[in-house]
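Per chain, numbering begins at 1; letters A, B, ... match sequence-line order.
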Number of protein chains: 2
Amino acid sequence: MADTSGKPDNGSLPAPDGEPDPLAILPGYTLRRAANAMMAELGTLLSEVDLRVSEASILLLIDGRDTMTSSQIGTALDIRSANMAPLIGRLVTRGLVERVPLDGKSMAIILTVEGEATLHEVRRITQTFEQDLLQRIPTEHRDHFVPALNALWR
Amino acid sequence: MADTSGKPDNGSLPAPDGEPDPLAILPGYTLRRAANAMMAELGTLLSEVDLRVSEASILLLIDGRDTMTSSQIGTALDIRSANMAPLIGRLVTRGLVERVPLDGKSMAIILTVEGEATLHEVRRITQTFEQDLLQRIPTEHRDHFVPALNALWR
DNA sequence: TATTGTTATACTCTATAACTATA
DNA sequence: TATAGTTATAGAGTATAACAATA
């Protein structure tokens, strides 16, 4: 008998006493908490240029590409086409991107001059953010971070 | 001069050609993508017991604790009290937890017998999920995963 | 005065369905 | 027929403000 404590078996989670958050040993839970914390932080940083994380991602993605369609962007970023429409629409309204017809059906989403200027600010913000994020990870774990995460979705 | 390609400097991101997703080298971006993918998967698994991830987290958290209040749960899981009310309300309606007055102001959220039975199913689902998640991470990165993530929010 | 808990509300993200137009 | 794009809509998650009741 391994358990002589008299407490009920709660599935190998730490005992209630002395551990404020027994879920913190679960990989999926820690993944969710870390992502939520980091994206909230990035969202705050990006509010400086009045962009959401998804919008900034689009700007970063289409830079240097002049034939990328809305559906291609959606595929790359895992955003449904129905959700791409209002997303691109807002960027167009703000003058950051424009729709350029490729043929009668497809339209390339390209940066405007103003969009490129905003993207420059986005790069400044995200590069600082990404560096700070990595700095917070202890050195012995740092190089394992991106490879481990990429194994979960790529 | 490091760049003789004639392409514009796009902030050290990979060149457009040959890389379908140049954002995949960014720690924050990979963190978001991995978390979204894993939580979507967990959500699908938990639909078997008609629970959302946040609801399952509450059941896992309060097990073995009989004096945990709504605000304490919210603090532990980073859920605002205004959002705890409808969350707990749904669990009460479904008969999985009940509110037990601690004093005139505070109420403990405790599992009902039915809630414990459901929690047993939740444990089966989440343990399988967590194991599968870890299995997908290459062995050399696996032990670094939770420590790295916990450094970002704990 | 601070804390617990609630209601109302709104914004974002995400998802499906239905539709138009073009390849 | 399949693809590109749009609109409408709904379900979650999350945020603030305002409020009542109690410590």
What are the two closest non-hydrogen atoms of B/Leu51 and B/Leu96, and how far apart are they? CD2-CD1, 3.9 Å
Please determine if a side-chain N or O atom of [X] lies less than 4.0 Å away from the OP1 or OP2 oxygen of [N].
X: A/Asn83; N: D/dT6; answer: no
X: B/Arg99; N: C/dT6; answer: yes
X: B/Thr69; N: C/dT4; answer: no
X: A/Ser54; N: C/dC13; answer: yes
X: A/Ser106; N: D/dT3; answer: no

Counting the atoms with a prime plus P, OP1 and OP2 as sugar-phosphate, which does [X] contact under 4.0 Å by heavy atoms, base, sugar-phosphate, or nothing?
X: A/Met107; result: sugar-phosphate
X: A/Ala40; result: nothing
X: A/Asp78; result: nothing
X: A/Ser81; result: base

Mapping A/Ile79 and B/Ala85 onto DNA chain C by nearest heavy atom, which one lands closer to the 5' end? B/Ala85
Quickly work out the [X] [atom1] to [N] [atom2] distance and round it to whole Å.
X: A/Leu42; N: C/dT12; atom1: CG; atom2: P; value: 15 Å
X: B/Arg52; N: C/dC13; atom1: CZ; atom2: C1'; value: 15 Å
X: A/Met39; N: D/dA15; atom1: CE; atom2: C1'; value: 18 Å
X: A/Leu77; N: C/dC13; atom1: CG; atom2: P; value: 12 Å
X: B/Glu55; N: D/dG11; atom1: CD; atom2: C1'; value: 12 Å
X: A/Glu41; N: D/dA15; atom1: CD; atom2: C1'; value: 18 Å
X: B/Ile109; N: C/dT6; atom1: CD1; atom2: C1'; value: 13 Å
X: B/Arg32; N: C/dC13; atom1: CZ; atom2: C1'; value: 10 Å

With respect to the side chain of [X], which nucleotide from [options] is positioned closest?
X: B/Ala82; options: C/dT16, C/dT6, C/dA23; value: C/dT6
X: A/Lys105; options: D/dT3, C/dT12, D/dG5; value: D/dT3
X: B/Asn36; options: C/dT6, C/dT14, D/dA23; value: C/dT14

B/Asn83 vs B/Leu87 side-chain heavy atoms within contact, under 4.5 Å: no
Heavy-atom check, side chain of A/Arg94 versus side chain of A/Asp50, under 4.5 Å: yes
When B/Leu87 and B/Arg80 are each assigned the nearest nucleotide of DNA chain D, the 5'-most assignment goes to B/Leu87
Side chain of A/Gln72, backbone of A/Thr69: donor and acceptor closer than 3.5 Å? yes
Would you call the rings of A/His144 and B/His144 parallel, tilted or perpendicular if under 30° counts as parallel and over 60° as perpendicular? parallel
Neighbour count above 12 (heavy atom, 6.0 Å) for A/Asp132 CG: yes
